[in-house]
Amino acid sequence: MDGGGGKVYFVGAGPGDPKLITIRGKEILSRADVVVFDRLVNSRLLKYIREDAEQIYCGKLPDKHDIPQDEINRILVHHAKQGKLVVRLKGGDPSVFGRVGEEAEFCLSHGITFEIVPGVTSGIAASAYAGIPVTHRDMNTTVAFITGHTKTGKAPDINWEYLAKGIETLVFYMGVTNLPFIQQQLLRYGRSSETPVALVRWGTFSKQETLIGNLGNIVERVEKAQFKAPAIILVGENVRLRNKLAWFETKPFFGKTVLLPRGIRNAGDLDQNIEDVIEELGGEVVNFQEVVSVSEEEENQIRDILMQIGRFRWIVFSDVITMSYFFRHFKKLSLDIRSISAGFVGLDGRCIAALSDRGFIPFAFSDWLDRVMPEDEVLYLGSKNMNDLSKAGSRHIKFSVSLSLYRRVISDEEIDKIKQLSEDKALHMVVFTDPSSVTTFFQAFGEHHFDSLFQDIAVVCLGTSTESVLEGYGCKADLTISEESLDKQSIGELLQRAPFRIESLTAKI
């Protein structure tokens, strides 16, 4: 059967820390036309996806499946049959209790080519981040990875006697609900009640929690702490190593969540440096996840211009995303591609390459400047400053029409997410990296929300110009880091001086 030229990649996203994705996984993710992702996938991995790629969330909660497995299978095949590169992005490793076998078999039965890209599995990664290596020459020579429940949600029917007596280290996935049964079976078949047990929740995230007990008391401790999924369960002498080897939870920003009010795709070098510093300190970064939107009025304007596309001698694209949305709108309006007589111009290499891939012969902007005539009708599509472009070269360029085909906005859901973090006392610091990040925040939340969100959260500004813009909104920073201190080492040292959950304390460094 013909698969339509598309392909499905089953990519392991790793356990949570976005930097634990493999190089191969990141590479495939950046090429995807469609990305189908799970609940446990860190949303910050989505910044590696092309802006024009379709994102399909199929997150599963323990007691609720947003999209049934059969429907996920159909989604993968449907898009692959359209010739698209489809990524099924799964938390951890797709081959370790990740249903990759079922989904790959379904693809195969429909003639779809697929590839499996392994990831770092949570049973190993969460254990390591809790200071518990799953093997140690003085403690064990065997380790088993076991599912904590079957397809029906029941505890697995396995050889518990062999596990209890024959395997030294046990790692259970998805076993929190069935922990009483697991405890009962291991004790029943001879495992000592003094055997150390650890549960690691949200492993490799800054919000990681580790609960220690033994086989005799672990159920009682879990119930008392109201310890819930997602968590892995470790049983064995290796757990004792945590007292010496716990490294992640001792970092200065461990357990701290830091908001960078910047769209996840708009990060510059300084923003990336800040993210790196915070994560190196053990903290977790939250960005705004933007969505693409146009108003009804903008939709009508786009339609009107594209309906008269034949009038233009040239079409100038500011970037590859604009180019992609141009063809998307064109298809949506059921327009004939042959109605375009204009020459295409790209402002950057990616745009030119993408146009070439579609079978066109585009001009680079610098080459086009020598060809365009004053009387030519020119359509400019994009977001770059048109006035700067119009003065390029040796003569003034006149753009007949300028049009933006999409806007990146922060959704109401994203705003509610940040508010909820603040209400739950799960947000500890906000860092404004430049004046535009301040503007982005107030455009999303409005001025009246600043005090309610950040009344007991450390507010940091990078640079006095950023501080001035913040003060223009009537707000003060707890810490301002001068422009002279914006290297990684200085930022790391100075951020640790920021006050967490105390009254406002303005400091200049």
Side-chain angles (χ1 to χ4, degrees), residues 15-16 40 61-63 91-92 97 121-136 139-140 142-150 153-156 158 160-161 163-165 167-251 254-257 282 284 424-426:
L40 295 182
L61 294 171
D63 57 348
F97 307 120
T121 184
S122 59
I124 293 174
S127 306
Y129 270 56
I132 307 170
V134 294
T135 65
H136 190 287
M139 294 181 176
N140 69 317
T142 57
V143 57
F145 297 96
I146 311 135
T147 181
H149 68 250
T150 62
K154 295 181 180 179
I158 53 181
W160 287 100
E161 183 176 9
L163 284 182
K165 296 179 178 178
I167 305 295
E168 293 143 314
T169 300
L170 307 176
V171 182
F172 290 91
Y173 290 65
M174 304 168 290
V176 176
T177 300
N178 290 324
L179 180 59
F181 178 80
I182 293 171
Q183 176 200 49
Q184 179 188 49
Q185 294 300 98
L186 293 176
L187 290 173
R188 174 185 176 187
Y189 287 104
R191 201 67 174 248
S192 170
S193 62
E194 297 300 316
T195 304
V197 179
L199 277 77
V200 185
R201 182 172 187 261
W202 290 115
T204 79
F205 286 90
S206 183
K207 57 185 175 182
Q208 173 177 299
E209 299 175 55
T210 305
L211 181 66
I212 302 295
N214 60 45
L215 204 52
N217 64 22
I218 192 62
V219 170
E220 179 185 352
R221 291 196 173 192
V222 166
E223 291 174 351
K224 184 177 180 179
Q226 297 185 329
F227 203 90
K228 301 184 184 300
I232 59 129
I233 304 167
L234 295 111
V235 181
E237 293 300 314
N238 305 54
V239 173
R240 300 188 192 277
L241 293 168
R242 172 174 164 79
N243 292 332
K244 294 188 293 184
L245 301 183
W247 59 274
F248 181 54
E249 296 168 27
T250 62
K251 290 195 169 191
F254 176 77
K256 301 293 192 296
T257 301
E284 183 171 348
D424 294 344
K425 306 299 182 184

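Computation of the quantities below employed the complete heavy-atom set of this structure, encompassing side-chain atoms and omitting hydrogens, waters and symmetry-equivalent molecules.
Between V171 and V143 the shortest side-chain heavy-atom distance falls below 4.5 Å. Taking 4.5 Å as the limit, some side-chain heavy atom of V235 sits within range of a side-chain heavy atom of F172. Residues L215 and E194 are not in side-chain contact: their nearest non-hydrogen atoms beyond the backbone lie 4.5 Å or more apart. In this structure, F145 and I124 have side chains that are in contact, with non-hydrogen atoms separated by less than 4.5 Å. Using a 4.5 Å heavy-atom threshold, the side chains of L163 and I158 count as touching.
R201 places no side-chain N or O within 3.5 Å of a backbone atom of F227 that could act as its donor or acceptor partner. W160 places no side-chain N or O within 3.5 Å of a backbone atom of Q184 that could act as its donor or acceptor partner. N217 places a side-chain N or O within 3.5 Å of a backbone atom of N214 that can act as its donor or acceptor partner. Between the side chain of S206 and the backbone N or O of G255, at least one donor-acceptor pair lies under 3.5 Å. Without hydrogens or angle criteria, H149 side chain to T177 main chain gives no donor-acceptor distance under 3.5 Å. Proximity of a side-chain donor or acceptor of Y173 to a complementary backbone N or O of I146 within less than 3.5 Å is not detected. A donor-acceptor pair under 3.5 Å is formed between the side chain of N178 and the backbone N or O of G148.
Scanning all heavy atoms of the two residues, the minimum distance from H136 to L241 falls at CD2-CD1, 3.7 Å. In this structure, P156 and T147 approach most closely via the heavy-atom pair CG-O, 3.2 Å. Across all non-hydrogen atoms, the minimal contact from V176 to A231 is CG2-CB, 3.8 Å. Closest heavy-atom contact between M139 and E237: SD-O, 3.6 Å. Between V239 and A198, the closest heavy-atom pair is CG1-CB, 3.8 Å. The two atoms that bring G236 and T195 nearest to each other are N-CG2, 3.8 Å, heavy atoms only.
Note that the OG atom of S122 and the OH atom of Y129 stand 13.0 Å from one another [nearest 0.5 Å]. Note that CD1 of I212 is 5.0 Å distant from CZ of R242, once rounded to the nearest 0.5 Å. Between W202 atom CH2 and L40 atom CG the span is 5.5 Å, to the nearest 0.5 Å. From K228, atom NZ reaches atom CD of Q226 across 5.5 Å, with rounding to the nearest 0.5 Å. Taking CE from M174 and CD1 from I232, the interatomic distance works out to 12.0 Å, rounded to the nearest 0.5 Å. Rounding to the nearest 0.5 Å gives a distance of 4.5 Å between CD of Q208 and OG1 of T210.
The side chain to side chain contact (heavy atoms under 4.5 Å, CB included) with L234 is formed by just one residue from the set V134, L199, V197, L170; it is V134.
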Discussion item. As a quick check of understanding, evaluate side-chain contact (heavy atoms from CB on, under 4.5 Å) for S127 and V200, giving each step before the final call.
Written reply: CA-CA 7 Å; S127 306; V200 185; 5.8 Å; no
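With respect to the salt-bridge test (charged N to carboxylate O, under 4.0 angstrom), the residues E161 and R191 do not qualify. Between K224 and E220 no salt bridge is recorded (no basic side-chain N to carboxylate O distance below 4.0 Å).
Under the 6.0 Å distance and 45° angle rule, K207 counts as a cation-pi partner of F205.
Neither side chain, E284 nor T257, offers a donor N or O lying under 3.5 Å from an acceptor on the other.
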